[in-house]
A.B. asks: 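This is the structure I have questions about; it appears just below.
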Amino acid sequence: MVKITFPDGAVREYAEGITAMEIAKSISEGLAKKVLAASVNGNIWDATRPISQDSSLKLLTWNEADGKYAFWHSSAHLMAEAVEATFPGVKFWVGPPVEKGYGFYYDIDLGDHKLTEEDLTKLEKKMSELARQNNPYIRKEISKADALKYFTEKGDEYKLDLLQNLEDGNITFYTQGGFTDLCRGPHVPGTGVIKAIKLTSIAGAYWKGDEKNKQLTRIYGVTFPTQKELDEYLQMLEEAKKRDHRKLGKELGIYTMDDDVGQGLIMWLPNGTVVIEELEKLAKETELKAGYKRVVTPHIAKESMYLTSGHLPYYADSMYPPMEVDGEKYYLKAMNCPHHHKIFAAEPKSYRDLPYRLAEYGTVYRYEQSGELFGLMRVRCLHMNDAHIYCTREQFADEFRAVNEMYQKYFAIFGIEKYVMRLSLHSPDKLGKKYVNEPELWKETEEMVRRVLIESKIPYVEVQDEAAFYGPKIDVQIFSVIGREFTLATNQVDFSQGASFKLQYTTPDNRTETPLIIHRAPLGTHERFIGFLLEHYAGNLPLWLSPLQVKVLPISDKFIDYARMVLDTLKNADIRAEIDDRPEKIGRKIRDTEMAKVPYMLIIGEKEVNEQKVSVRRHRKGDLGALDVQVFVNQAVAEIRERVSG
RNA sequence: GCCAGUGUAGCUCAGUUGGCCAGAGCAGCUGAUUUGUAAUCAGCUGGUCGGGGGUUCGAAUCCCUCCACUGGCUCCA
């Protein structure tokens, strides 16, 4: 007998070799139908796998993330079965659930066959057919020799490659219907639970994620236990598209692009420019208070500077090719730091000048691969909320902490809550290649940064091999509405460029030292930040950021004179306001203004003129009643000044 | 850069077994309407069907090529 402990603490005894599925059935048939997998002593298992010792047990259904994981993992096998049945002789790499998000994929070598959209429809049908057969997923432990034999006979070199890294005695096969795969599982009990199937896209994916390798065909799909859930999922995708920054950016007149201008080159329209200027105002106010000095630097520089900075060997692929002028090569700048270092070096510095903080909304150009460009989030000309802080080792922790506090302050203003702080570390095996070869400095500065994060009690995750070439960094990761991850903001340590540029300051005991440098961009770039904000606010920008803040809506032209007076009052209070003097009905004017997402509407008719008031309507909230003009102006000005969010 | 898909008016989209001057709604313009919290009515304007080349008596529709965008891969603020 084995003792099974349930999540509620109850303990029951069962015959040795009982399965989670049998236990579920003993509780209720209804429950058993929902069980997808089981957590046995914290390990995720097949519900049909025998339990041979005392265990804690949690039954996993669609409601648990691990249940979904098994469901989609099994769906990938089902898709593979359909692919193999349809295109015999294909070879399989791996087919996991999508890491963050919904569904699964499988990377497949289809030989000469080019997969089309029609094939997807065919495969969906085949999958449904196989699912209806409700074939069990059968787990089998297999020796490495037998596994090698199986895939050698099948001629699947990808699976043989996988097997090489696996230890004998630790290898399992799963078979459902006519398809057998090397897999550690777990899987759902049978294909019958997969009721709703949608294959979503075809993509190329380099084998092992290395662009030097062959590109396999990746098929993405998503499945659900019911058609209703699939429909809801597709509906959700439609909703997400509505708040895509590319759609909103067009609708709200934020930015445009043009074939003649070039890929990834954003032109900010008047509305977008207002948002930019408000963000810069915020940055300038904040940085002034924090002791930064502002500078302006050119957009190009000679090759020699980027050789000094060390960017050219590490970063050349991401820079526009140089132009030749007077026999010299000039590069469009891809970063502002070298220019700032030159400003630091322009005059001798003493320890009394430190920390020396230089800020610039710098325009930089990056030659991103064409396939990587994405709306405002990934572009080739960007405007960075950049600054460089030159400080002593003793000052470093305080400076780094102050930058983190600046982030927190900004994020509070924008109501940004969903993000991941990532401590990005180097990878020791890439020293001298991707990272400057200073093992000791890496160790020291990574520890410094980690300590600041711990002391500040900021939750974070550590990630290897994501550092800048000159030092570790903290990245703020956010997700676009379609689920793509981006670094919104960054705070970087640089222990390398100070020496490269021979930057020095005089110490109190009259020696010379090289400063540490902090690169920071808490508001990231205008492009990515505004792209993010549009999605974050679903286009409903807070009053202070709104290109048009107030629209005055006279009910008929009898009241236009008074409405124009109100408009002047608003403008004199530095409120961005317009009047809708078209001969339209008020319902129409309100509708148009609501759709333009203008925060406030002031409606003016006979009553308002007589009482010298305005009727206030708030976007998405409706009628707020009548107010004295001056009272409204005072409220609006306060809302703008305090940068009230939402 | 690679794999796949898409590209028709300012916007959203019809039009593909190749065939009369390429359509609709919204927007815009003109006129009428003078209006109380999400669409007043009528008329009109507007398109090298992404660019170029080819097949054909005839191409938005078929083929080639280039460009851009979209979904991924690689890469990154």
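Residue numbering restarts at 1 for every chain, and letters A, B, ... go by the order of the sequence lines. As the structure is a computational prediction, the values presented were derived from the model and not from experiment.
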A.B. asks: In Å and rounded to the nearest 0.5 Å, what is the CD to SG distance from A/Glu360 to A/Cys337?
C.D. replies: 11.0 Å
A.B. asks: Name the pairing partner of B/A9, where a pair is Watson-Crick or G-U wobble with both distances under 3.5 Å, or state none.
C.D. replies: none
A.B. asks: Each nucleotide N or O in nucleotides 3-10 of chain B that has a protein N or O under 3.5 Å away: list the pair and distance.
C.D. replies:
| unit_1 | atom_1 | unit_2 | atom_2 | d |
| --- | --- | --- | --- | --- |
| B/C3 | O4' | A/Gln215 | OE1 | 2.5 |
| B/C3 | O2 | A/Gly204 | N | 3.0 |

A.B. asks: Looking at residues at least two apart in the chain, or sitting in another chain, which of them share a side chain to side chain donor-acceptor pair (under 3.5 Å) with A/Thr487?
C.D. replies: A/Gln477
A.B. asks: Report which part of the nucleic acid A/Val379 touches: base, sugar-phosphate, or nothing (heavy-atom distance under 4.0 Å, all strands).
C.D. replies: base
A.B. asks: B/A4 and B/C57: how far apart are their P atoms, nearest whole angstrom?
C.D. replies: 33 Å
A.B. asks: For the pair A/Tyr367 and A/Tyr320, name the ring-plane relationship: parallel under 30°, tilted 30 to 60°, perpendicular over 60°.
C.D. replies: perpendicular
A.B. asks: Please determine, for B/A4, whether a Watson-Crick or G-U wobble partner exists with both distances under 3.5 Å, and give it or none.
C.D. replies: B/U70
A.B. asks: Distance between the C1' atoms of B/U65 and B/C29, in whole angstroms?
C.D. replies: 40 Å
A.B. asks: In terms of relative ring orientation, are A/His526 and A/Tyr361 parallel, tilted or perpendicular, with 30° and 60° separating the classes?
C.D. replies: parallel
A.B. asks: Give none if B/C21 has no partner; otherwise give the nucleotide forming a Watson-Crick or G-U wobble pair with it, both distances under 3.5 Å.
C.D. replies: none
A.B. asks: Where do N or O atoms of nucleotides 25-35 of chain B meet protein N or O atoms at under 3.5 Å, pair by pair?
C.D. replies:
| unit_1 | atom_1 | unit_2 | atom_2 | d |
| --- | --- | --- | --- | --- |
| B/A27 | OP1 | A/Arg588 | NH2 | 2.1 |
| B/U34 | O2 | A/Asp557 | N | 3.1 |
| B/U34 | O2 | A/Asp557 | OD1 | 2.4 |
| B/U34 | N3 | A/Asp557 | OD1 | 2.4 |
| B/U34 | N3 | A/Asp557 | OD2 | 3.1 |
| B/U34 | O4 | A/Asp557 | OD2 | 3.4 |
| B/U35 | OP2 | A/Lys558 | NZ | 2.8 |
| B/U35 | O4 | A/Pro583 | O | 2.7 |

A.B. asks: Let's test this: given Watson-Crick or G-U wobble pairing with both distances under 3.5 Å, identify the partner of B/C44.
C.D. replies: B/G28
A.B. asks: What's the closest nucleotide to the A/Glu608 side chain, out of B/A38, B/G36, B/A77?
C.D. replies: B/G36
A.B. asks: Just checking A/Arg218: base, sugar-phosphate only, or nothing, at a heavy-atom cut-off of under 4.0 Å?
C.D. replies: sugar-phosphate
A.B. asks: What is the separation between atom CH2 on A/Trp207 and atom P on B/G72, rounded to the nearest whole Å?
C.D. replies: 25 Å
A.B. asks: Look at all strands and tell whether A/Lys208 reaches a base, only sugar-phosphate, or nothing, counting heavy atoms closer than 4.0 Å.
C.D. replies: nothing
A.B. asks: Looking at A/Arg484, I'd like to know whether one of its side-chain N or O atoms comes within less than 4.0 Å of OP1 or OP2 on B/G72.
C.D. replies: yes
A.B. asks: Could you check whether A/Leu553 gets within reach of a base, just the sugar-phosphate, or nothing at all, counting any heavy atom under 4.0 Å?
C.D. replies: nothing
A.B. asks: Using a cut-off of strictly less than 4.0 Å, decide whether A/Arg246 has a side-chain nitrogen or oxygen near OP1 or OP2 of B/U70.
C.D. replies: yes
A.B. asks: Can you name the residues that form a side chain to side chain contact (heavy atoms under 4.5 Å, CB included) with A/Ala626, not counting sequence neighbours?
C.D. replies: A/Lys613, A/Ser615
A.B. asks: Using a heavy-atom cut-off of 4.0 Å across all strands, would you classify A/Gly362 as base, sugar-phosphate, or nothing?
C.D. replies: nothing
A.B. asks: Of all the heavy-atom pairs spanning A/Leu570 and A/Ala577, show the shortest one and how long it is.
C.D. replies: CD1-CB, 3.8 Å
A.B. asks: Taking side chain to side chain contact (heavy atoms under 4.5 Å, CB included) as the test, write out the residues that go with A/Ile555, two or more places apart.
C.D. replies: A/Phe559, A/Ile586, A/Ile603
A.B. asks: Between the base of B/G1 and the side chain of A/Tyr206, is there any donor-acceptor pair under 3.5 Å?
C.D. replies: yes
A.B. asks: In whole Å, measure the gap between the P atoms of B/G7 and B/C62 for me.
C.D. replies: 10 Å
A.B. asks: Apply side chain to side chain contact (heavy atoms under 4.5 Å, CB included) to A/Lys433 and list each qualifying residue two or more places apart in sequence or on a separate chain.
C.D. replies: none
A.B. asks: Select base, sugar-phosphate, or nothing to describe what A/Gly209 touches, counting heavy atoms under 4.0 Å on all strands.
C.D. replies: sugar-phosphate
